[in-house]
> 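Below is one structure. I have some questions about it.
Both counts, for ligands and for their atoms, begin at 1 and track the order of listing. Residues take their numbers from the sequence shown, with the count starting at 1.
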Amino acid sequence: MSKHAMSLLPRWCSRVFSVELNGAPFYFAVKEKHLGEDVPRVFREVQNRDKCYSVLVYCSRDRIKTAKFYGELKDKLLRDLPPECRLSPMSSFLPKVRDSLVKGYFLKGNSDTSSPIERLLSDLIQHDPVLVCSYSPAEDGQQWTQHMWSETASQVMDVAKGYYVVPSEAPEYHPSTLNIINSDVFYSFDEAYDVMKKCGDIIPEAKAVLELLPSRVEARNKPDFPVIVIEGLDATGKTTLTESLKDTLGATLLPSPPECLSPWRARFDQEPPLIRRAFYALGNYISADQIGLKGVKTPVIVDRFWHSTAAYAIATAVSGPVCNLPGEGSEVYCWPSDLFQPSLVVLLTLDPEERKRRLRNRGQGKTDEEEELDHNQLFRLRVEEAYRRISGPACVTVDASPSADRVLQQVLLLIRGKCHL
Ligand SMILES: Nc1ncnc2c1ncn2[C@@H]1O[C@H](COP(=O)(O)OP(=O)(O)O)[C@@H](O)[C@H]1O
Ligand SMILES: Nc1ccn([C@@H]2O[C@H](COP(=O)(O)OP(=O)(O)O)[C@@H](O)[C@H]2O)c(=O)n1
């Protein structure tokens, strides 16, 4: 067993395990002694001949490699496992302990598939940063036990000790919230820069991105003119409104991510969240630099900014209903202390049916994330709620369903009230 796996063991019995079946999480824990607890629900449906396995990816020192490997592991398992084997997302965490989440997969096989599954897992455990456990009925046939595998054996080998699996309570917030800070959302230039720098060896485009970054993090000038950010889901009318504001106010319009990053965007959209979100976070610092340049001459309108970066990242990391999001006031929603703060952030909201109608009329291709927004109502609700919870500056919500001109007048009123234009 590797040193890292060993270091997980002392607190093994404090860990909670979560298996997601059809989008719903089932929680269980492990215990050395059995005190008559029920069999956890995830094992209740399993037939006695069946065997289950977990593969958890533990964080090696190289976060970039771990993130890449986690994405590749799913493809590998789907490709190499027998088709009858059922694969579900799984995680393990220490309740309320930051950065304690490790992610992986739960596999369910039967007696026909256990040999190929075990061959694949034995191979994985010897070459990759994974922790493998198998689950089978205990001798009395009433309970289920978990056995951790040893990586030193070429054959399937259990560590001698087995643990009983017992039901566990659901945590207050989704377990992914434990690892959001500096993995999904970056709260300083340096944290995002560090990720991009470490990507340089494996993603050549990362070097090109690093060259575009401002030399100083703080905006070079404090803008004399107001800086207004327009936020909202795709097709809520941001482009329409920002163009009109530009003309009406004689303002400079800046898109976000900034145009100079366009050649690299599709490339980073394919990467795992750690790398993808660092890319967007750095884009905001380039925008802040441009705001500093333009804001001494004219008002500046920005199409998306930090709210988009953080809200989409949080809503993707967490699954399920809005109540799974980190609670209101959580540090997860704080504005980075080294990032320029606009004078006003407007959030355009729209009835889902009207948004779909506008999307259809526009008839453009959508990003996978926008595609997901369409299909997954819960995701859309999580993004909108995360937008609302971000503070410093908070956003002002504007109903975008009236005509484009009425929306413009409404936002101009807000700007005049807040920014003395
Ligand atoms: N207030 C409005 N009423 C009706 N249609 C609108 C309004 N604002 C924008 N649209 C239309 O909806 C579609 C999406 O608007 P767009 O400005 O491109 O949104 P976004 O930039 O937020 O994706 C476009 O076809 C646009 O012409
Ligand atoms: N400042 C920004 C801007 C966009 N983004 C990301 O970019 C996506 C939306 O960009 P888009 O160009 O498809 O949106 P529209 O401006 O076309 O509505 C979001 O899903 C965010 O993940 C970000 O993270 N930070």
> Identify, by atom number and element, the atoms of ligand 1 in contact range of Lys238, meaning under 4.0 Å from any of its heavy atoms.
17 (O), 19 (O), 20 (P), 21 (O), 22 (O), 23 (O)

> Can you tell me if Arg265 contacts ligand 2 (heavy atom of the residue under 4.0 Å from the ligand)?
yes

> Could you go through Ser183 and Arg63, starting from their C-alpha distance and side-chain angles, then the distance that decides it, and tell me whether this counts as side-chain contact (heavy atoms from CB on, under 4.5 Å)?
CA-CA 9 Å; Ser183 290; Arg63 292 206 297 158; 3.6 Å; yes

> Does Trp12 have its ring centroid less than 6.0 Å away from the ring centroid of Phe17?
yes

> Would you say that more than 12 heavy atoms from the other residues, nucleotides or ligands in this model lie under 6.0 Å from the CD of Glu169, or not?
no

> Would you indicate which of Tyr280, Tyr312, Phe305 comes nearest to atom 6 (C) of ligand 2 when only heavy atoms are counted?
Tyr280

> Under a heavy-atom criterion of less than 4.0 Å, does Pro257 contact ligand 2?
yes

> Does even one non-hydrogen atom of Ser401 get within less than 4.0 Å of ligand 1?
no

> My understanding is that we take every heavy atom of each candidate and find the minimum distance to atom 15 (O) of ligand 1. Doing that for Ile230, Thr240, Leu233, Asp405, which one comes out nearest?
Thr240

> Give a yes or no on whether the ring-centroid distance for Phe43 and Phe28 is below 6.0 angstrom.
yes

> Considering the heavy atoms of Asp234, write down every atom of ligand 1 situated less than 4.0 Å from one of them.
23 (O)

> Show me the side-chain donor-acceptor pairs of residues 238-258 shorter than 3.5 Å, one per line, residues at least two apart or across chains.
from	atom 1	to	atom 2	distance (Å)
Lys238	NZ	Gly232	O	3.0
Lys238	NZ	Leu233	O	2.9
Thr242	OG1	Lys238	O	2.8
Thr242	OG1	Thr239	O	3.1
Ser244	OG	Thr240	O	3.0
Thr248	OG1	Ser244	O	2.6
Thr252	OG1	Thr298	OG1	2.6
Ser256	OG	Arg304	O	3.2

> Is the shortest distance from a heavy atom of His307 to ligand 2 less than 4.0 Å?
no

> Show which atoms of ligand 1 fall inside a sub-4.0 Å distance from at least one heavy-atom site of Pro402.
1 (N), 2 (C), 3 (N)

> Examine ligand 1 and decide if any of its atoms is less than 4.0 Å from a heavy atom belonging to Gly232.
no

> Just go through Arg355, Arg362, Arg358 and tell me whose heavy atom is the nearest to atom 2 (C) of ligand 1.
Arg358

> Is the distance from the ring center of Tyr70 to that of Tyr105 below 6.0 Å?
yes

> Contact between Asn361 and ligand 1, counting heavy atoms under 4.0 Å?
no

> Tell me: protein heavy atom nearest atom 14 (C) of ligand 1, and distance?
Ala235 CA, 3.8 Å

